[in-house]
Amino acid sequence: MSRKYTTQDKLRGAEGFEMYYRQLFGERWPGLKAALLQENEAGFWQTAPDRPPYFMDTGSIRAALSLRLDAAESVLDMCAAPGGKTLVLSSLMKVSALLTANERSRDRMMRLCRVADQYMEDSVRNRVTITCGDGAALCRSRQECYDAILLDAPCSSERHVLASPSHLAEWSPARIKSLSVAQWALLSSAFRLLKPGGSMVYATCALSPVENDGVVSRLEKKFDTVRFVREVPPVPVAARTFFTGNLPPVEVTGWGFHILPDTAGGAGPLYFSVIQKIEAE
């Protein structure tokens, strides 16, 4: 009798990867894996007619479009590099709004600066501040200071793992556990930075619920002012000024939404959860 595989097992590499995700997705896994090995569905976001288009996964565009910006004056993109979602937010925020795009890695921050300089109109770029710091530590010096926050957290990125023999050989379930710990530190920091009445989007390009619903569900246990948006967020009408392609369908999860390439025309994987901070009673 075969033994059921769990994250506590010591299997590593391609064999462990295959067993872990086959257990998660069952009969769906072969088709999903095949879709992951294909080129992903890219669309382009064009901030202005005189600026070049920026190509990115349409799942990433859909996640960024789910952040409510209509009333936001202060916006944070907590883990912003390489900058695609920053372009989406900066295009749709109010003309009076200010955006902080933060990145922990200095090299990635420099790439983020280049993207902002190249793709943003000057009038928008002047309202975007790019910083370099650990998002998990931002709440130590200030709290409740942003109306809207996007947290695109570092994750397992299984699509990239599958495409890289060296990364696949090093894969381990322990990495998922380690990443989920770091993701929670970022998410709890982001929630502390969010103003009452504000909203945020937590996103990853991970497949495992440990890094997705498993992380965001902890907010309900830690904070009394959490409310999850259960309905699929509408796409802002203004988005069609900058993006004319097709957005992928989403699948509803326990605490968010998932875009998976086998049912989304190659887009994703992209998980996102829309979270509101209500006034304390």
Side-chain angles (χ1 to χ4, degrees), residues 7 20-21 24-25 57 59-69 72 75-80 85 88-89 102 104 134-139 143-144 146-159 173 175-234 248-260 264 267-280:
T7 56
Y20 182 88
Y21 290 100
L24 277 180
F25 291 97
D57 189 294
S60 294
I61 295 175
R62 185 66 182 89
L65 291 176
S66 299
L67 182 63
R68 185 173 178 179
L69 295 170
V75 184
L76 172 65
D77 191 351
M78 182 178 272
C79 301
K85 294 184 182 71
V88 175
L89 300 183
N102 179 73
R104 180 176 182 175
D134 180 2
L138 293 179
C139 66
Q143 295 189 10
E144 297 188 345
Y146 293 102
D147 298 306
I149 299 175
L150 173 63
L151 169 54
D152 184 9
C155 67
S156 290
S157 188
E158 291 94 343
R159 189 164 207 159
R175 176 165 171 74
I176 294 175
K177 176 72 177 297
S178 176
L179 283 165
S180 71
V181 172
Q183 290 157 352
W184 169 246
L186 288 165
L187 179 60
S188 57
S189 175
F191 194 76
R192 290 183 172 93
L193 290 166
L194 189 65
K195 292 180 181 179
S199 63
M200 62 180 291
V201 167
Y202 170 86
T204 80
C205 55
L207 291 175
S208 174
V210 174
E211 298 181 55
N212 298 329
D213 277 357
V215 174
V216 298
S217 63
R218 295 180 62 183
L219 282 174
E220 290 184 315
K221 301 174 183 178
K222 180 69 175 179
F223 302 99
D224 297 328
T225 54
V226 176
R227 176 176 294 165
F228 290 97
V229 174
R230 304 295 185 178
E231 301 79 23
V232 179
V250 302
E251 302 177 26
V252 178
T253 70
W255 282 266
F257 311 93
H258 219 171
I259 297 168
L260 295 169
L270 203 297
Y271 170 89
F272 65 96
S273 179
V274 184
I275 304 156
Q276 297 174 335
K277 189 173 193 175
I278 61 176
E279 298 282 351

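- Between P269 and L260, the shortest heavy-atom distance links the atoms CB-CD2, 4.0 Å.
- Going from atom CG of N102 over to atom CD1 of I149 covers 11.0 Å, rounded to the nearest 0.5 Å.
- Here the side chain of N212 pairs a donor or acceptor atom with the backbone of A206 at under 3.5 angstrom.
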Begin from the C-alpha positions of L24 and Y20 and carry the test side chain to side chain contact (heavy atoms under 4.5 Å, CB included) through to its verdict. CA-CA 7 Å; L24 277 180; Y20 182 88; 3.5 Å; yes
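- With S273 contributing its side chain and W255 its backbone, the two residues share a donor-acceptor pair below 3.5 Å.
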Given the rule in the side chain to side chain contact (heavy atoms under 4.5 Å, CB included) test, do L270 and R62 qualify, once you have shown the distances and angles that lead to the verdict? CA-CA 9 Å; L270 203 297; R62 185 66 182 89; over 6 Å; no
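- Taking 4.5 Å as the limit, every side-chain heavy atom of C205 sits out of range of all side-chain heavy atoms of R159.
- Using a 4.5 Å cut-off on side-chain heavy atoms (C-beta onward), M78 and L186 make contact.
- For the pair I259 and P249, the tightest heavy-atom approach, listed with the atom from each and the gap, is CG1-O, 3.7 Å.
- A pairwise comparison of heavy atoms in Q276 and F191 identifies O-CE1, 4.1 Å as the closest pair.
- Using a 4.5 Å heavy-atom cutoff, the side chains of Y271 and E211 are not in contact.
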Could you walk me through whether V75 and L69 pass the side chain to side chain contact (heavy atoms under 4.5 Å, CB included) check? CA-CA 8 Å; V75 184; L69 295 170; 4.0 Å; yes
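- Taking each heavy atom of C155 and L179 in turn, the nearest pair found is C-CD1, 3.6 Å.
- Across all their heavy atoms, D213 and G256 have their closest contact at OD1-N, 3.6 Å.
- Residues R192 and K222 come closest through the heavy atom pair NH2-CE, 3.4 Å.
- The structure places CG of L65 at 11.0 Å from NZ of K85, a figure rounded to the nearest 0.5 Å.
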Run the numbers on Q183 and R218 for side chain to side chain contact (heavy atoms under 4.5 Å, CB included), then give the verdict. CA-CA 11 Å; Q183 290 157 352; R218 295 180 62 183; over 6 Å; no
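- Between the side chain of D134 and the backbone N or O of R104 there is no donor-acceptor pair closer than 3.5 Å.
- The side-chain heavy atoms of M200 and Y146, taken from C-beta on, include no pair separated by under 4.5 Å.
- In this structure, the side chain of E279 does not engage the main chain of G197 through any donor-acceptor pair within 3.5 Å.
- Atom CZ of R230 sits in a crowded spot, with more than 12 heavy atoms from other residues, nucleotides or ligands closer than 6.0 Å.
- No donor-acceptor pair closer than 3.5 Å links the side chain of S180 to the backbone N or O of V210.
- The structure places CD1 of I278 at 13.5 Å from OG of S199, a figure rounded to the nearest 0.5 Å.
- Using a 4.5 Å heavy-atom threshold, the side chains of I275 and K277 count as separate.
- Using a 4.5 Å heavy-atom threshold, the side chains of L193 and L76 count as touching.
- Ring geometry for F257 versus F272: interplanar angle of 30 to 60°, hence tilted.
- Taking CG from L194 and OG1 from T225, the interatomic distance works out to 8.5 Å, rounded to the nearest 0.5 Å.
- Here the CH2 atom belonging to W184 is positioned 8.5 Å from the OG atom belonging to S217, to the nearest 0.5 angstrom.
- Taking CG of L151 as the reference point, atom OG1 of T204 lies at 9.5 Å (rounded to 0.5 Å).
- Within the 4.5 Å cutoff, the side chain of Y202 has no heavy atoms near those of the L219 side chain.
- Residues T253 and P209 form no side-chain contact, since every pair of their non-hydrogen atoms from C-beta on lies 4.5 Å or further apart.
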